[in-house]
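Shown next, in structure tokens, is the structure this report addresses.
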Amino acid sequence: MSTVFKEGYFTETCPLWPGRALSVRILQTVATVETDYQLLEIFKGEGFGLMLALDGEIQLAESDEFIYHEMFAHVPCFAHPEPENVLVIGGGDGALARELLKHPCIEHIDLCEIDEEVVNQCSRYFPWTAKALNDPRVNVYFQDGAKFIRSCPGMYDIVFVDGPDPVGPGEALFSDRFLADCKRALKPDGILVAQSESYLLHPTVTEAQCRRFRNLFAYSGYYTFSIPSYPGGSLGFCIGCDDHRVDVPYRRPIGTFTKRLKMYSMAVHKASFVLPPFWRNKFEADEE
Ligand code: SAM
């Protein structure tokens, strides 16, 4: 449940980073809904615009969600020769689907969101993200992604795990079993990419996720970026593929596509995988 740190502030705290908090002055409370799965809050936060929080965790902010969703969508899409059929687990706000629809080669997006109320509220208050869910190429399922994933072997070019923190309903999305199920849902040259927290703020969670991907795939990596609306100001994704490297683009955005990007570029793609020695050394022993 979200706790108020000071009168009039929204404060995010989390057992993953005890003793710290991210507070935002609330300019206007827009919606507060106890859904069947979580507490859903929508409010205007000073400096961030409209914000969505689930169980007290900030999920997206109007001012910088493009950073998260462009990095999430376009690094794997441009690392793949020609993605046509993709799956999103979570992502009920629709923003990831919005970015994926920019790729003309993508013919079909399955999106499995556990909480229909997230879609309802985002359709009402975040039309610039949720309207993507009405696109004819998008199929929305309201199910637990941890179960849905077992019903689609070998179907997808890319699977995106757009989950929240590994607490509550999101916990199931960080397990070995679930990621192995995600891999089984991929075509042989498919790519799996998952929200994997911040290597700076919760290194233990991110290191464990990196090891899961290293055990599952011939080629894997973690790529990171700065984003002010998440605690610690950084976040990252683990990505894996058995067929080829994913830390360099296979294709590039051309023509008008580049005009629809504010965060992603080929240079940013490559640079986002460059991690400092203290982090790389954690995996050095694995390479000997
Ligand atoms: N796009 C968001 C952002 O910008 O950070 C990422 C978070 S997204 C809102 C997280 C979504 O995952 C939520 O809508 C939540 O309801 C959904 N979710 C959580 N656990 C799930 C599960 N087991 N299966 C499917 N969806 C789940």
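Order of appearance sets the numbers: ligands from 1, and atoms from 1 within every ligand.
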_Close approach of L96 to ligand 1, heavy atoms, under 4.0 angstrom_ = no
*In terms of hydrophobic clusters joined by side-chain contacts under 4.5 Å, are Y199 and F72 together?*
no
*Does an N or O from G145, backbone or side chain, lie closer than 3.5 Å to an N or O of ligand 1?*
yes
*Spell out, as yes or no, whether a donor-acceptor pair under 3.5 Å connects the side chain of S234 to the backbone of S226.*
no
_For Y37, state whether at least one heavy atom is located under 4.0 Å from any atom of ligand 1._
no
_Atoms of ligand 1, numbered as shown, that sit under 4.0 Å from any heavy atom of L60_ = 4 (O)
*More than 12 heavy atoms of other groups within 6.0 Å of R252 CZ*: no
*What atoms of ligand 1 come closer than 4.0 angstrom to any heavy atom of D144?*
22 (C), 23 (N), 24 (N)
*Side chain, backbone, both or neither: which part of F66 comes within less than 4.0 Å of ligand 1 when only heavy atoms are counted?*
neither
*Taking only heavy atoms of Q143 into account, list the atoms of ligand 1 that are under 4.0 Å away from them.*
24 (N), 25 (C)
*Just let me know how L54 lines up against ligand 1, side chain, backbone, both or neither, with a heavy-atom cut-off below 4.0 Å.*
side chain
*Would you say the ring centroid of H103 lies under 6.0 angstrom from that of H74?*
yes
*Please confirm whether G91 comes under 4.0 Å of ligand 1, counting heavy atoms of the residue only.*
yes
_ligand 1-proximal atoms of I114, by part, heavy-atom distance under 4.0 Å_ = both
*Report yes or no: does Y125 contribute a side-chain atom to a donor-acceptor pair with the main-chain N or O of M51 at less than 3.5 Å?*
no
*Let me know which of F257, Y223, F78, F225 forms a ring-ring contact (aromatic ring centres under 6.0 Å, His included) with Y264.*
F78
*Pairs flagged by salt bridge (Lys or Arg N to Asp or Glu O under 4.0 Å) wherever residues 177-196 is involved - sequence neighbours left out*: R150-D181, D157-K187, R177-D181, D181-R184, K183-D242
*Thinking salt bridges, do R25 and E7 make one under a 4.0 Å N-O criterion?*
no
*asked:* Using a 4.0 Å cut-off to any heavy atom of D93, which atoms of ligand 1 qualify?
replied: 1 (N), 2 (C), 8 (S), 9 (C)
*Check whether any heavy atom of Q195 sits under 4.0 Å from an atom of ligand 1.*
no
*Just which atoms of ligand 1 are under 4.0 Å from any heavy atom in D162?*
1 (N), 2 (C), 6 (C), 7 (C), 8 (S), 10 (C), 11 (C), 12 (O)
*Taking non-hydrogen atoms only, is C112 closer than 4.0 angstrom to ligand 1 via side chain, backbone, both or neither?*
backbone
*E65: heavy atom below 4.0 Å from ligand 1, yes or no?*
no
*Is the Y68 to F237 ring centre distance short of 6.0 Å?*
yes
_Heavy-atom donor-acceptor pair, Q38 side chain to L40 backbone, under 3.5 Å_ = no
